[in-house]
Enquirer: 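This structure is in structure tokens; I'll ask about it shortly.
Labels below follow one simple rule: chain letters A, B, ... track the order of the sequence lines, proteins then strands, and each chain is numbered from 1.
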Number of protein chains: 2
Amino acid sequence: MPEDRAPTRIQKKNRAAILEAALNVFSADGFRGATVDQIAVAAGLSKPNLLYYYRSKDAIYAALLERLLDTWLDPLRAIDPDGDPLHELLGYIRRKLEMSRDYPRESRLFANEIIRGAPHIHAVLSTDLKSLVDETAALIRHWAAAGRIAEVNPYHLIFSIWSLTQHYADFDVQIRAVLADGEPDPYPEAARYLDQVFTRLLTPGR
Amino acid sequence: MPEDRAPTRIQKKNRAAILEAALNVFSADGFRGATVDQIAVAAGLSKPNLLYYYRSKDAIYAALLERLLDTWLDPLRAIDPDGDPLHELLGYIRRKLEMSRDYPRESRLFANEIIRGAPHIHAVLSTDLKSLVDETAALIRHWAAAGRIAEVNPYHLIFSIWSLTQHYADFDVQIRAVLADGEPDPYPEAARYLDQVFTRLLTPGR
DNA sequence: TCTTGATTTGACCATCTGGTCAAACTCACG
DNA sequence: CGTGAGTTTGACCAGATGGTCAAATCAAGA
């Protein structure tokens with residue numbers, strides 16, 4: 001599988017199928033819990049065939065993480081420094097919550113990686129992620145200094161947004177077990193609740 | 001290993017050592033990632049010796065989860081229905097955050113179990129946990145109806161408390177990677193931030 | 001001290017798992 | 001159609017892993 005040449009039609013198709021299958025398997029069973037055979041079957045390939053496209057289990061996992069990291073941070077990058085602060089932040093929260101709803105596998109994949117100590121992406125966290133968060137924190141601080149939102153610790157604000165939104169994907173079973181009686185879909189109410197929380201937190205003036 | 005007779009001194013000592021070692025290993029590597037040998041070594045026993053005390057890897061894991069579940073829910077049970085609502089809820093939040101700080105292994109163990117779909121404790125979630133949450137939700141609703149705290153969805157309030165506090169244990173590496181510059185211990189600031197969030201959310205009267 | 005049940009262990013096993021390899025097959029293009 | 005690169009596979013391997021077992025060792029009460 002020459003990596004310098006342009007990928008053939010079959011390469012594109014199979015690589016895509018492998019990553020899709022790997023996302024299913026890794027997010028459900030974790031890195032150690034997943035087996036190459038499982039991924040191969042899910043991708044509709046034999047094990048040696050899969051290893052023809054990715055050298056190793058590690059390589060699949062690494063490719064998957066890399067491809068997803070950008071998508072995952074896009075909502076944060078989409079905050080407009082020139083927009084209305086409260087509107088921008090509530091919009092970010094809404095987008096993150098929608099990502100939990102629409103991409104729970106991705107959320108669980110990252111959660112698992114971080115819980116394990118981020119062995120594969122620690123470098124990215126303390127460089128790319130850190131700078132992105134530093135920038136956003138500066139922006140939030142600037143907004144607060146101008147009196148346009150309340151004074152809050154910008155880093156912990158960001159952590160709390162990540163935590164609250166991703167919780168609905170990562171702890172889905174627990175949430176559904178507790179809410180078993182009523183509405184089966186927790187997301188509409190979650191959206192209302194988070195809006196309430198952050199509106200009350202961020203609205204300036206006592 | 002007679003299970004009906006009273007445990008001997010050696011049984012007590014070794015079972016405790018095994019559970020302590022298993023907590024380390026399972027919380028760091030997950031169920032599939034952990035090996036019986038690893039746990040045995042960490043407990044200072046040979047593998048067959050360990051399997052003399054617990055029939056299987058599954059049995060160790062089950063015993064560990066069972067022993068921890070109660071401890072984990074104690075702070076919720078400690079809420080006093082006759083106390084001051086805001087004080088009780090902020091106290092619960094503080095206790096949960098302290099548990100994240102002092103028992104991160106337990107937090108990660110549960111997080112891992114839930115993310116995997118709670119295969120071992122799903123029954124407990126939809127019975128014991130659910131009733132405990134239902135009770136607390138009723139209490140919160142009652143407080144809100146009496147105008148003593150703001151009107152909030154009590155279930156999502158509880159979810160948000162779990163989410164925000166456990167985040168500091170489960171996503172520790174990420175938090176420290178992002179905060180790398182300043183104070184190495186995020187907990188004091190986290191406590192202040194969470195206090196601010198929930199005080200603003202719950203204080204009644206717009 | 002003797003005896004009996006509790007404890008410990010070395011050797012072993014079946015299965016699973018990540019990965020290899022040579023050979024076979026397929027596809028696109030001249 | 002012929003050909004060479006790209007693709008697929010059955011057979012295989014070494015190491016890891018959960019678990020077993022008979023035999024050896026130890027602890028404590030009679």
Enquirer: Hey, is the side chain of B:Gln11 poking within less than 4.0 Å of OP1 or OP2 on C:dA6, counting only N and O atoms?
Expert: no

Enquirer: Assuming nearest nucleotide by heavy-atom distance, tell me which of B:Thr35 and B:Arg9 is located more 5' along DNA chain D.
Expert: B:Thr35

Enquirer: Below 30° counts as parallel, above 60° as perpendicular, anything between as tilted: where do the rings of B:His120 and B:Tyr61 land?
Expert: perpendicular

Enquirer: So which nucleotide from C:dT20, C:dT9, C:dT17 ends up closest to the side chain of B:Ser46?
Expert: C:dT9

Enquirer: How many Å lie between NZ on B:Lys57 and C1' on D:dT17, as a whole number?
Expert: 8 Å

Enquirer: If you look at every strand shown and take non-hydrogen atoms under 4.0 Å, does A:Ala34 touch a base, only sugar-phosphate, or nothing?
Expert: sugar-phosphate

Enquirer: Any idea which of C:dA28, D:dC21, D:dT7 is nearest the B:Pro48 side chain?
Expert: D:dC21

Enquirer: Any chance CD of B:Glu98 has more than 12 other-residue heavy atoms, nucleotides or ligands included, within less than 6.0 Å?
Expert: yes

Enquirer: Among the candidates C:dT9, C:dT7, D:dT9, find the nucleotide nearest to the side-chain atoms of B:Ile10.
Expert: C:dT7

Enquirer: Let me know which of B:Asp170, B:Asp102, B:Thr165 forms a side chain to side chain donor-acceptor pair (under 3.5 Å) with B:Ser107.
Expert: B:Asp170

Enquirer: If only atom types and distance count, is the side chain of A:Glu106 paired as donor or acceptor with the main-chain N or O of A:Thr71 below 3.5 Å?
Expert: no

Enquirer: Within this structure, what is the CZ-to-P distance between A:Arg55 and C:dC21, rounded to whole angstrom?
Expert: 13 Å

Enquirer: Could you tell me the separation between the NZ atom of A:Lys47 and the P atom of C:dT17, rounded to a whole number of Å?
Expert: 9 Å

Enquirer: For the pair made of OH in B:Tyr61 and P in D:dT17, what is the distance, rounded to whole Å?
Expert: 18 Å

Enquirer: Which part of the nucleic acid, if any, lies within reach of A:Ala40 when heavy atoms closer than 4.0 Å are counted: base, sugar-phosphate only, or nothing?
Expert: nothing

Enquirer: Checking salt bridge (Lys or Arg N to Asp or Glu O under 4.0 Å) against B:Glu20, which of B:Arg105, B:Arg15, B:Lys13 comes through?
Expert: B:Arg105

Enquirer: Out of C:dG19, D:dT9, C:dT17, which has the shortest distance to the side chain of A:Ser56?
Expert: C:dG19

Enquirer: Taking the side chain of B:Leu51 as its heavy atoms from C-beta onward, which of C:dG18, C:dT8, D:dT20 lies nearest to it?
Expert: D:dT20

Enquirer: Tell me if the aromatic rings of A:Tyr92 and A:His87 count as close, with their centers under 6.0 Å from one another.
Expert: no

Enquirer: May I have the distance from B:Asp37 (atom CG) to C:dC16 (atom C1'), rounded to whole angstrom?
Expert: 16 Å

Enquirer: Can you tell me the distance, in whole Å, between the NZ atom of A:Lys12 and the P atom of D:dG6?
Expert: 15 Å

Enquirer: Between D:dG10 and A:Asn49, is there an OP1 or OP2 to side-chain N/O distance shorter than 4.0 Å?
Expert: no

Enquirer: Would you mind telling me which of D:dT8, C:dC27, D:dT17 lies closest to the side-chain atoms of A:Tyr52?
Expert: D:dT8

Enquirer: For C:dA6, take OP1 and OP2 only and decide whether either is under 4.0 Å from a side-chain N or O of B:Tyr53.
Expert: no

Enquirer: Can a side chain N or O of A:Arg32 be found less than 4.0 Å away from OP1 or OP2 on D:dT17?
Expert: yes

Enquirer: What's the OH-P distance between B:Tyr54 and C:dT8, to the nearest Å?
Expert: 14 Å

Enquirer: Just N and O in the side chain of B:Thr8: are any of them under 4.0 Å from OP1 or OP2 of C:dT7?
Expert: yes

Enquirer: To the nearest angstrom, how far is B:Gln38 atom CD from D:dT17 atom P?
Expert: 8 Å

